[in-house]
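These figures come from a predicted structure and were not determined experimentally.
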Amino acid sequence: MSFIELKEVNKSFNQNQILNDISLSIEKGDFFGIVGPSGAGKSVLMKTLLGIYLPDKGQVIINSKNIEEDKSLKNIIGFVPQNSSLYPDLSVFSNMKYFGKLYGMKLKDIKERSKILLGDMGLSSVSNKKLKSLSGGMNRRVNIACSMLHNPAILILDEPLSGLDPLLRKQILDLILRIQQTGKTIIISSHFMNELESLCNKVAVISNGEIATVGGPKEIRDKYSPYYEVKIRTYPGKYKSLLEALKRNGVLIQKVEMSQRDLILYLPKSANPRTQLGKIVSTSDKYGESLLEIGMNTLSFAEVYREIVQ
């Protein structure tokens, strides 16, 4: 049995079905991403994992125990909500002391864990500063530190990257990765697909309250990306004429995007990429188009995600 299992979980509010037969398996130590459009059910799924919402149907099993029947399971989970639950007029340590007491921790243990966590997160120097005086990135780190006070085995993060600039997103992701490497199981929801792709060993895509697909990022890309993307730029750039010539000369074009600067060709994965590129180069030269740039890629995880949920 997996460390965390959701078995045909359903959840409705006011006869509005939010989760529909959600089944997932998450292994111990996974870095598991949950992605989907706004309103797809990600936050409800997170709160169901936490035991805040109980399923109308189905089961949430953690470490072989049903979360509805064993309330102590909540003690092995840390949660970082999308909107900060911290108190801006309190100091960093006062916030940690408050949340430590909610977890039933002794003051001595709170002090010891706070010192370790604030040191690990580069926050030792601001321990006595009020939260409202700190930057957004520091606030996010304090929120994570509070969720880690009781040393949970599972850390659930709901959109921890929202509202952060690219540099801060990278800092927070690096921090979460360091936490995962200590043996924690990380479950994270986010709209930032390409950043999650580099970290998560498994991703579930949710659409309209259902699991559209689940697997490793590369596995999902290979499954839902039937194309090679070839981007070319030529001079003088008579792309309509060039496109017809490419088709006549056996370039297996399945989809096209064209702008004044570039021609983007989508070729089937079944095609031999070296042969196809050779035909593109020779055809361009034959028809008087000087090749300025050419590149071949598979679709990014973000592009594949859009294909899945649209």
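Ring pair Y53/F13 is perpendicular by interplanar angle, where above 60° counts as perpendicular and below 30° as parallel.
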So L175 and R141, side chain to side chain contact (heavy atoms under 4.5 Å, CB included) or not? Walk me through it.
-> CA-CA 8 Å; L175 171 60; R141 278 184 275 163; 3.6 Å; yes
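Residues L155 and I34 fall into different hydrophobic clusters, defined by Ile, Leu, Val, Met, Phe, Trp and Tyr side chains chained together at heavy-atom separations under 4.5 Å. Under the 4.5 Å side-chain contact rule for hydrophobic residues, I186 and L49 do not share a cluster.
Side-chain contact check for S12 and Q17: at least one donor-acceptor pair (N or O, by modelled atom type) lies under 3.5 Å. With no hydrogens or angles considered, a side-chain donor-acceptor pair links T234 and E289 at under 3.5 Å. Side-chain contact check for E303 and S300: at least one donor-acceptor pair (N or O, by modelled atom type) lies under 3.5 Å. If you check the side chains of N20 and K57, you find no donor sitting under 3.5 Å from an acceptor.
Enclosure of atom NZ in K240 is not indicated, since only 12 or fewer non-hydrogen atoms of other residues, nucleotides or ligands lie within 6.0 angstrom. Environment of NZ in K255: crowded, with over 12 heavy atoms of neighbouring residues, nucleotides or ligands closer than 6.0 Å. Within 6.0 Å of CG in D222 there are more than 12 heavy atoms belonging to other residues, nucleotides or ligands. Other residues, nucleotides and ligands contribute over 12 non-hydrogen atoms within 6.0 Å of the NZ atom of K269.
Counting only residues at least two apart or on different chains, the salt bridge (charged side-chain N to carboxylate O under 4.0 Å, His left out) pairs with a member in residues 76-95 are D89-K132.
E197 has no carboxylate O lying under 4.0 Å from a charged side-chain N of K218, or vice versa, which leaves the two without a salt bridge. Under the 4.0 Å criterion applied to side-chain N and carboxylate O atoms, K202 and D30 are not assigned as salt-bridge partners. Residues D174 and K170 are paired through a salt bridge, judged by an N-O separation under 4.0 Å between the basic side chain and the carboxylate.
At least one side-chain heavy atom of D70 sits under 4.5 Å from a side-chain heavy atom of S72. Put simply, the side chain of V92 does not reach to within 4.5 Å of the side chain of L86, judged on heavy atoms.
Taking the ring axis of Y98 as reference, the NZ or CZ atom of K101 does not stay both within 45° of it and closer than 6.0 Å to the ring centre.
Going from atom CG of N14 over to atom CD1 of I18 covers 9.0 Å, rounded to the nearest 0.5 Å.
Membership of the apolar cluster around I253 extends to Y228, V230, I232, Y239, L242, L243, L246, V251, V256, M258, L263, L265, L267, L277, I280, V281, L291, I294, M296, as traced through chained side-chain contacts below 4.5 Å between ILVMFWY residues.
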